[in-house]
Structures are given as structure tokens and as C-alpha cells.
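Heads up, the thing below is written out as C-alpha cells.
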Amino acid sequence: MSHQTDIEIARAARAKPIQDIGASLGIPPEHLLPYGHDKAKVDQGFITSLSDRPNGKLILVTAINPTPAGEGKTTTTVGLGDGLSRIGKKAAICIREASLGPNFGMKGGAAGGGHAQVIPMEDMNLHFTGDFHAITSAHNLLSAMIDNHIYWGNELEIDERRVVWRRVLDMNDRALRDVVTSLGGVANGFPRQTGFDITVASEVMAILCLASDLQDLQRRLGDMIVAYRRDRSPIYARDLKADGAMTVLLKDAMQPNLVQTLEHTPAFVHGGPFANIAHGCNSVIATTTALKLADYVVTEAGFGADLGAEKFMNIKCRKAGLSPDCVVLVATIRAMKMNGGVAKADLGAENVSAVESGCANLGRHIENLKSFGVPVVVGINHFTGDTEAEIAAVQAYVAGQGAEAVVCRHWAEGSRGITDLATRVAALADSGQAQFAPLYGDEMPLFDKIDCIAKRIYRADEVLAPTAIRDQLRAWEEAGYGHLPICMAKTQYSFSTDPNLRGAPTGHSLPVREVGLSAGAGFVVAICGDIMTMPGLPRVPSAEKIMLNDAGAVTGLF
């Protein structure tokens with residue numbers, strides 16, 4: 001019997017009017033700015049009025065390192081929110097918006113899957129409410145103003161060799177990684193080498209996701225360093241008088257988006273920095289708003305816990321004053337087999353010994369998450385081919401790590417397939433066990449922070465960084481940026497920088513290729529290994545299968 005696709009399930013759903021979803025959280029209709037009938041933005045005035053309310057419980061969903069077998073982190077986030085609602089809890093979900101690049105590439109959308117999805121799925125995975133377009137426009141306005149300033153006399157004495165602000169596009173396009181601009185003669189400006197990053201790697205994206213309000217947004221935008229003079233002194237966005245116009249472009253994008261799950265649990269979908277090249281969390285303003293309106297807020301951090309969860313703890317929670325009450329670590333039996341050496345084509349056969357071998361990756365993530373002082377529960381995202389013996393092997397291993405593994409069938413069954421996990425998560429969140437603390441203190445030197453993450457999270461033996469990088473980090477410390485946290489940019493597929501090194505590798509080194517100062521966002525980026533800030537499309541991109549059918553409906557999204 002053939003199963004319905006994600007898009008078929010989503011299209012068959014009957015959404016409630018968005019005003020009803022807002023009402024379930026106590027948001028009056030006059031404070032919702034509708035985009036059609038099933039999505040809306042929550043206005044800033046209402047958000048400000050919530051400041052004196054107590055916070056609900058914050059639950060983070062993260063995962064093992066992703067494999068081609070699939071893990072289902074967003075699906076579990078959505079399912080858990082529905083499960084909490086099913087057991088009588090007032091719950092809300094906070095997830096990121098989808099980037100067009102991965103949608104048309106190979107990763108797919110970001111709305112969940114099966115019977116644990118956020119709707120409207122098509123809108124969410126395409127243009128949604130236009131937030132990413134606004135971020136792209138604001139970012140590239142600054143790019144245009146930099147080149148324009150140089151063209152009209154360069155009063156700020158920008159060194160054209162040291163313009164660090166690249167352009168962005170919300171698409172995977174390897175041809176734009178390195179480009180030369182302003183060719184064609186004097187009228188087109190001064191030629192220089194530059195390039196494009198994907199929009200989700202933009203510092204503007206990070207700022208929108210970390211800013212508390214429009215005033216904070218403009219201050220952070222003004223703090224962005226875009227270039228340097230010949231004496232190496234920085235040029236800020238505010239020096240170009242760009243911060244005001246950028247804020248205007250981002251005014252509506254700053255307001256969180258409210259939608260719903262298939263089972264009508266409220267879902268805030270806002271912001272979308274990648275976790276392998278940015279900090280990988282939805283916006284602070286969406287999370288803090290949800291915490292004022294719901295008793296339990298389920299959010300996620302991108303890719304594996306070594307990237308997304310580490311940055312959620314060390315960047316987002318540190319900067320926003322948040323403290324998670326419980327962490328759900330998502331794993332699948334199939335992924336355990338792949339980490340145990342089984343090829344993707346052979347995952348259908350029972351292989352308990354491979355499962356046991358592959359659990360090392362899971363165990364390291366459990367240990368890492370516990371080091372932040374937060375209780376951890378493992379959610380086994382169930383696939384139909386999983387056997388009882390394989391499930392028992394994972395549960396036994398997790399029990400040996402001092403945690404519990406709960407089987408979840410939300411993909412096939414919706415909320416009724418995840419009530420066991422919801423009950424356990426609510427109990428842990430209410431227990432008061434969490435004693436959250438970031439991995440390192442603000443006062444630690446920048447290189448030592450990189451070293452701390454490399455050794456304590458990745459289990460690297462050493463950090464390899466040229467003298468020039470170490471000198472640059474010391475220079476930023478002398479300039480007053482030493483208190484900033486680190487945003488590690490590396491492959492999501494491994495604890496190491498080698499994407500093919502699965503499991504729980506030791507004895508490896510962490511090569512730092514480049515460092516960047518995101519002064520507006522408030523972190524230092526360490527680019528490790530061969531990670532790209534502008535991805536490319538695969539040999540057969542998903543875009544080849546996305547089209548309109550005869551009825552005018554979108555097909556091929558997943």
C-alpha cells in the first residue's frame with residue numbers, strides 16, 4: 001500500500017483560521033497581521049506588553065549527527081508539541097523558516113513530515129511571509145552602499161582590498177562563491193574580487209534572530225563591521241548611514257510568524273540561520289514570546305547536537321538569558337546502523353550488532369548535552385522496518401548512559417504516537433533538575449573558547465590554527481571583543497571536520513581555516529575544514545521534480 005507524501009498529507013489538512021490559533025494563546029485578533037487565512041505576524045506592541053509574565057518551560061529538540069538514513073528532528077519537534085497538547089498541556093512550537101536553497105537542492109523543507117507537520121507546508125517552504133527576501137534586500141542594500149561610497153570619493157577611506165561584506169542570495173549557487181564586480185569601465189565603479197554567501201549565513205539573519213526589538217535590531221546592524229581602512233581601523237555599517245534604511249526593510253520581518261500544526265498546536269516559525277555556518281536557531285523574539293504565552297515551548301536547533309545544540313546553549317541562551325529545562329535527543333535505528341558501518345542499501349535487514357556499534361555517536365551526544373546541566377531524554381523516531389531487538393539494544397545502551405530512550409511513532413500516528421515522550425518530557429521539565437550553564441565563561445580568551453569546544457564537544461586532540469589567525473583573535477580581544485562567544489562553522493556530518501568520519505571519532509585535529517568577527521550579531525565565527533558559506537546544488541537537484549500539476553497545485557516539495 002502506498003503512503004501519502006508529506007505534501008499530500010499537508011494539503012488534505014483543514015487549517016483553523018489563524019485568529020483561532022492566536023486566541024488559543026490569548027492573542028487578540030487586532031494584534032495579528034494576517035497573511036491570508038492561515039498565517040499571521042504578531043505585532044511588536046503586543047509582544048512588549050507580555051514582558052511581566054512568567055516564562056513557561058523551554059524544551060530543546062536536537063539530534064545525533066545527520067546521516068542519509070534520516071533522523072527527523074523537526075518532525076519530532078512538531079510531534080512533541082502535538083503530544084504535549086494531547087496530554088492536556090498548553091504548548092507551542094518554535095522552529096526556523098525554510099531556506100529556498102536546500103528546498104531546491106537536496107535537504108528538502110523545514111516543516112516536519114508525515115502526520116507531524118506545520119502548515120501551510122507549501123507556503124512555509126517557499127516564500128512564506130517574505131522574511132528571507134527582506135533580509136536579502138537589507139544585506140545587499142548595505143553592499144550597494146559600500147560600493148557607492150567608494151565610487152563617490154571614498155570619504156571614509158575604505159581600503160578596497162579589505163571590504164569584508166559579501167553579497168547574499170537565498171539559493172545554492174556555487175558559481176557565485178568568488179566573483180569580480182564593477183567590470184565594464186569607469187561608470188561601473190572600481191573592480192574588486194568579492195563573492196556571495198547564502199542568505200542564511202548572513203550576519204543580518206543572525207542579528208534578526210538575536211535582536212530583542214527594533215531598537216536593538218538597528219543598534220546591532222550599525223555595529224556590523226563591513227570593511228577596514230589601510231591602518232586596519234574598522235568601518236561600521238553606521239558609518240555608511242545604512243542601519244536606518246536596513247531597519248526599515250526589516251521592520252515587518254522582525255515580527256514573528258504564527259501558524260499551526262496539522263493538529264492545530266500553535267507554531268512560531270521565524271528566522272533561519274544555518275547551523276553548520278551560522279548559529280542554527282529560530283529567533284529569540286519568537287522563543288521569548290512563546291514562553292510568555294504557553295506553559296511548554298518546544299524548539300529545535302539545527303543539525304546534530306555538536307553544532308546546533310552547542311550554539312543554542314553557548315550563543316542563544318547566553319545572549320537571551322534563556323535556560324532550557326529539558327533536551328530531547330532524536331535518533332533512529334537506521335542511523336545507528338549507518339554509524340555502525342551498514343550501507344544505506346542494507347538498512348532494511350535486522351542488524352543488532354551494527355546498532356550497538358553505532359550507538360557510540362548517540363552516547364557522545366548524551367554526554368555532551370549533560371555537560372550543560374540539562375536533563376536529556378532520547379526520542380527514537382520509529383521507522384516501520386525497526387525490529388524489537390534493535391530498539392531494545394538502543395534502549396539498553398541509553399539506560400547505561402543514565403538516560404531513557406522512548407519510541408516515538410508521530411510520523412505515522414500523529415500526537416497519539418508520541419504521548420509517552422510528551423509525558424516524560426513534561427515530567428523532566430517540571431522536575432527542576434536543570435542546572436543550566438554554558439560551556440565556557442565570557443572572560444575566556446577567544447582561542448581558548450575554540451579549543452574548549454574542539455576538545456570537550458568534538459573530542460579533538462588539538463586545534464590547528466596559523467599564527468595569523470591567533471594574532472587576529474588577540475587583536476579582536478584588544479579591541480574589546482574578547483567576551484564574545486564562538487560560532488563554529490564545520491561539517492554537520494561528523495564530530496570531526498571529515499564528513500565521512502562517522503561514529504564517535506577521537507585522535508583527530510580541528511583545522512581552523514578562517515575567523516570572522518560578527519560584531520553586530522555578537523559572536524566570532526571560526527570556519528573549520530572545507531565548509532562552504534555558499535552551498536552548491538547536487539547532481540540531481542530537487543528543483544527538477546518541483547512543478548505545478550494540471551490543477552495548479554505544487555508537487556515535488558518534501
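Just so it is clear, the structure is predicted and the values come from calculations on it, not from any experiment.
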Charged N to carboxylate O under 4.0 angstrom, R318 versus D442?
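Answer for the salt bridge query: yes.
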Could you tell me which residues satisfy side chain to side chain contact (heavy atoms under 4.5 Å, CB included) with [X], sequence neighbours excluded, listed by chain and number?
{"X": "M532", "value": "R177"}
{"X": "D461", "value": "none"}
{"X": "E367", "value": "R459"}

Show me the donor-acceptor pairs, under 3.5 Å and distance only, between side chains in residues 394-401 and residues at least two apart or in other chains.
unit_1, atom_1, unit_2, atom_2, d
Q395, NE2, A405, O, 3.2
Y397, OH, C359, O, 3.3

Taking ring-ring contact (aromatic ring centres under 6.0 Å, His included) as the cut-off, I'd like each qualifying pair that reaches into [range], sequence neighbours left out, listed once.
{"range": "residues 304-342", "result": "none"}
{"range": "residues 75-98", "result": "none"}
{"range": "residues 429-464", "result": "none"}
{"range": "residues 328-370", "result": "H365-F495"}

Just to verify, what does S496 make a side chain to side chain donor-acceptor pair (under 3.5 Å) with, not counting sequence neighbours?
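So S496 forms a side chain to side chain donor-acceptor pair (under 3.5 Å) with S494.
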Decide whether H410 and T75 meet the rule of one side-chain donor and one side-chain acceptor closer than 3.5 Å.
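Judged by distance alone, the side chains do not pair up.
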Going by salt bridge (charged side-chain N to carboxylate O under 4.0 Å, His left out), name the residues that satisfy it together with [X], two or more places apart in sequence or in a different chain.
{"X": "R424", "answer": "E404"}
{"X": "E300", "answer": "K73"}
{"X": "R364", "answer": "none"}

